[in-house]
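Chain identifiers are assigned alphabetically (A, B, ...) following the order of the sequence lines, protein sequences preceding nucleic acid strands; residue numbering begins at 1 within each chain. For the numbers below, each heavy atom of this structure counts, side chains included, while hydrogens, waters and symmetry mates do not. Fair warning: this is a prediction, and the values are worked out from it, not measured in the lab.
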There are 2 protein chains.
Amino acid sequence: MGTGDNTTDTQEEIMRATYRALCEHGFANLTMQDIADESGKSRTLLHYHYDTKNDLLEAYLDRMIGWIGDRLATSETEHPVDRLAEFIDFFVIHPEDESQSLALAILELRLQAIHNETFREKLTAHYEGNVDTVAEIIADGIEAGVFRPVDPAATGEGIYTALIGARTYQITLKAGPATERMTRFLWQTAQHFLFTDAGNARLETDAYPAERFSSF
Amino acid sequence: MGTGDNTTDTQEEIMRATYRALCEHGFANLTMQDIADESGKSRTLLHYHYDTKNDLLEAYLDRMIGWIGDRLATSETEHPVDRLAEFIDFFVIHPEDESQSLALAILELRLQAIHNETFREKLTAHYEGNVDTVAEIIADGIEAGVFRPVDPAATGEGIYTALIGARTYQITLKAGPATERMTRFLWQTAQHFLFTDAGNARLETDAYPAERFSSF
DNA sequence: TCGTTGACTGACGCGACAGTCAGTCTTATG
DNA sequence: CATAAGACTGACTGTCGCGTCAGTCAACGA
């Protein structure tokens, strides 16, 4: 058996252990020992694979950002109204759900960006990438005549930033389904400021059964 | 000279020193020595006035929350459209401004709420209080006929959460004038989903000269 | 069979930091 | 003047967590 595979497996396991430790202890109280305990290996092994704690966490950040960015940018959906709904839905966190933990881990890392330039660069690229994803959806919708001729970049940033704000609210203050409320708020207001008549007509189709955004 | 005054003065100075130290070092790296250095007194004195580091920080949180909440809830302005504009304006952070530091300090404390129940309770009350302030403005505007008959609580939470999201974005990722962009976004969309014709008419008056929200 | 290489560990050093304690200085009071 | 009380400090203690180093163990190749 090649040793290269073992290395990859071990590093993969360290990344997974980092995730679990991060969710459990939070960034501020996260120790190398916590990660080691989660991985079942010794703390020294972490230093064998990653020189410093910072190196390990940067590697973890890269991994997480890549995974999320890919998921957001990839979609089978065609219709811009559907794609926007899909994107917005992605940010709903169900209280008591495990996705709460993932969102928490991201947010903890976000705060480190204030004092860590490398973190900030990586996270800024991630943020702007996601804004671009929304902007593209909107630009497509304008071209298709279902969205009004708004500024795609500005509108995309507004929507994405509002969504992230709701996640922060829900996670930090355990504010129940705050992300779901933001989804409803954005959707409802979008019908006034973003959708054309053709866009709103899409909401009458089979793609939007009664249970979806049911409060409207 | 009474010693009671000295105590008050000293504690006041400690609070101010805490603010400065928090801005400079961030919450995660904040030590009692940092605060002591800022105050010009010895580290031991902090323990004399506040038993533990946590006690000191909770006292600081109370102080800051009270100050901000009061500023947001108090206003001389009468017209609901003006009050909403005033409220939203309060959240604009000018890059390179010192208000950046205050916002940073709040945000750092926000993150602690995840793992500290006392912090969470205090900050939740603060957050909900501010949402209520917006909701009242909106309810007043509906009654005055300048806002559409939306749900004040839901709309207030949506607006406030979006504003905080923009602050988080600007502060953590040094995203230039992200709060100003969010202000524009909210104001522009509000003209479609929130304002009645009477509300939009208000924007034609002297209260909204060309330089305010100039991009619209 | 022997040497090399990679994965992994236990024990140690070292610095940082919260909290304690004994004691000083100043001011007020009888 | 003596005593007490409050404000304040320096030195000490104990803990915790990162990073290092010497060494073990297993697999592989000559």
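Under the salt bridge (charged side-chain N to carboxylate O under 4.0 Å, His left out) criterion, A:E121 pairs with no residue, sequence neighbours left out. For B:Q112, there are no side-chain hydrogen bond (donor to acceptor under 3.5 Å, both in side chains) partners at least two apart in sequence or on another chain. Residues forming a salt bridge (charged side-chain N to carboxylate O under 4.0 Å, His left out) with A:R20 (at least two apart in sequence, or on another chain): A:E13, A:E38. Contacts of A:F195 classified as ring pair (Phe, Tyr, Trp, His ring centres under 6.0 Å), with partners at least two apart in sequence or in another chain: A:F147, A:W187. In this structure, B:Y19 has no ring pair (Phe, Tyr, Trp, His ring centres under 6.0 Å) partners at least two apart in sequence or on a different chain. Checked against side-chain hydrogen bond (donor to acceptor under 3.5 Å, both in side chains), B:Y127 has the following partners two or more places apart in sequence or in another chain: B:T161. A search for salt bridge (charged side-chain N to carboxylate O under 4.0 Å, His left out) contacts involving A:E24 returns nothing, not counting sequence neighbours. In this structure, the salt bridge (charged side-chain N to carboxylate O under 4.0 Å, His left out) partners of A:D62, at least two apart in sequence or on a different chain, are A:K122. Here A:Y60 pairs with nothing under the ring pair (Phe, Tyr, Trp, His ring centres under 6.0 Å) rule; sequence neighbours left out.
Contacts of residues 13-23 of chain B with DNA chain C (heavy atom under 4.0 Å): none. Contacts of residues 104-120 of chain B with DNA chain D (heavy atom under 4.0 Å): none.
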Please write out the pairs of protein N or O atoms and N or O atoms of nucleotides 19-22 of chain D separated by less than 3.5 Å, giving the distance to one decimal.
{"unit_1": "D:dG19", "atom_1": "OP2", "unit_2": "A:K53", "atom_2": "N", "d": "2.9"}
{"unit_1": "D:dG19", "atom_1": "N7", "unit_2": "A:R43", "atom_2": "NH1", "d": "2.9"}
{"unit_1": "D:dG19", "atom_1": "O6", "unit_2": "A:R43", "atom_2": "NH2", "d": "2.4"}

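The side chain of B:T31 lies closest to C:dA18 when the candidates are C:dA18, D:dC8, C:dG10.
Each of B:Q11, B:M32, B:H49 was compared with B:L56 under the side chain to side chain contact (heavy atoms under 4.5 Å, CB included) criterion, and only B:M32 meets it.
The residue A:L30 sits close only to the backbone: its heavy atoms come under 4.0 Å of sugar-phosphate atoms, none of a base.
B:L45 has its CG atom 17 Å from the P atom of C:dC21, to the nearest Å. Whole-Å rounding puts the B:K41 NZ to D:dG10 P distance at 12 Å. Put simply, CD on B:Q33 is 12 Å from C1' on D:dT9, counting in whole angstrom units. In this structure, the CD1 atom of B:I35 is 18 Å from the C1' atom of D:dT9, given to the nearest Å.
Here OG1 of B:T18 is found 10.5 Å from CG of B:D34. Values are rounded to the nearest 0.5 Å.
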